[in-house]
Amino acid sequence: MRRPLVAGNWKMNGSRAAIKALLDGIGQGIGSVTRAEVVVCAPYIYLPDVAAQLAGSPIAWGAQNLSTEASGAFTGEIAASMLLDFQCRYVIVGHSERRALYGESDAVVAKKFAVARAAGLVPILCVGETLDERERGVTEQVVARQLQAVIDLEGVAALADGVIAYEPVWAIGTGKTASPEQAQEVHAFIRRSLAAADAAVADKVQILYGGSMNAANAESLLAQADIDGGLIGGASLKAEDFLTICRAAN
Ligand code: 13P
């Protein structure tokens with residue numbers, strides 16, 4: 001039985017004060033979350049604050065990106081070892097914003113997955129199609145290609161050390177959620193494809209849905225057989241909404 005996982009991706013939002021207040025709010029309600037593992041992915045610079053505030057709590061934390069490199073002359077980059085210094089357990093790799101706005105290729109994303117995994121971090125690997133790709137009917141090919149880059153580099157068993165997040169690009173920040181059926185269809189495709197290579201991996205790996213998931217639609221999405229949790233953007237910035245989503249996984 002896969003444990004549900006609900007992760008907040010704060011993206012480039014917040015301030016020291018706002019994040020403290022948000023975590024206070026989540027902390028106050030976390031007792032009502034009985035099943036899901038809860039994670040928050042903070043902007044790098046707030047990780048020391050987040051680590052200090054969440055130490056000893058059931059809430060895990062992580063980063064939104066990491067370098068492909070271990071150390072050295074890479075101005076502006078953050079290495080896996082630095083994330084471990086602040087007790088990160090998770091790191092998002094291959095978010096569609098990084099793919100689209102910062103030119104991260106499938107190969108770069110696969111390297112980030114590998115580096116995170118080698119360091120003992122749990123990579124949350126984001127995959128998903130654009131609206132144009134969906135309309136052209138190539139959703140499955142796109143998602144398969146994005147997964148294959150990691151499989152080619154690390155082998156299919158490596159995916160069991162990470163988490164997959166299916167995030168249709170057209171649903172991110174648009175308020176236009178995939179219907180539970182649309183999401184389940186792609187999640188089932190992902191699990192089926194992995195099962196063809198390794199049934200144990202397919203059975204173990206958590207596949208999260210992301211894209212305008214909110215307090216109102218979380219329950220119907222999380223009720224789908226192959227949706228094991230959520231990667232939440234906007235709604236993770238409001239403690240009550242985020243907690244409602246976490247509770248929907250109870
Ligand atoms: P929204 O929940 O704001 O649509 O963002 C989803 C997302 O990109 C999470 O990584």
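Both counts, for ligands and for their atoms, begin at 1 and track the order of listing.
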Against heavy atoms of G211, which atoms of ligand 1 measure under 4.0 Å?
4 (O), 6 (C)
Does ligand 1 have a heavy atom under 4.0 Å from the side chain of N9, from its backbone, from both, or from neither?
side chain
Ligand-side contact atoms (ligand 1) for residue partner A171, heavy atom cut-off under 4.0 Å
4 (O)
Less than 4.0 Å between a side-chain N and a carboxylate O, is that true for K111 and E69?
yes
Where the closest heavy atom to atom 5 (O) of ligand 1 is concerned, which of K11, E167, E97, Q64 has it?
K11
From K112, H95, E77, residue fulfilling side-chain hydrogen bond (donor to acceptor under 3.5 Å, both in side chains) relative to N65:
K112
Out of all atoms in ligand 1, which are within 4.0 Å of some heavy atom of H95? Include the element for each.
7 (C), 8 (O), 9 (C), 10 (O)
Among R191, R35, K204, R3, find the one that has a salt bridge (Lys or Arg N to Asp or Glu O under 4.0 Å) with D228.
R191
Any nitrogen or oxygen of A235, main chain or side chain, under 3.5 Å from a nitrogen or oxygen of ligand 1?
no
Output yes when R145 and E129 qualify as a salt bridge under the 4.0 Å nitrogen-oxygen rule, no when they do not.
no
Parallel, tilted or perpendicular: which one describes the rings of Y209 and H187, with boundaries at 30° and 60°?
tilted
Polar atom proximity, G210 to ligand 1 (N or O, under 3.5 Å):
no
Any salt bridge linking R99 with E167? Criterion: basic side-chain nitrogen under 4.0 Å from a carboxylate oxygen.
no
I want to confirm something. Looking only at heavy atoms, which of G175, G173, G233 is nearest to atom 4 (O) of ligand 1?
G173
In this structure, atom 3 (O) of ligand 1 is nearest to the protein heavy atom G234 N, 2.8 Å
Show the atoms of ligand 1 that are less than 4.0 angstrom away from any heavy atom in S212.
1 (P), 2 (O), 4 (O)
With the 4.5 Å side-chain cut-off for hydrophobic clustering, are I232 and L125 part of the same group?
yes
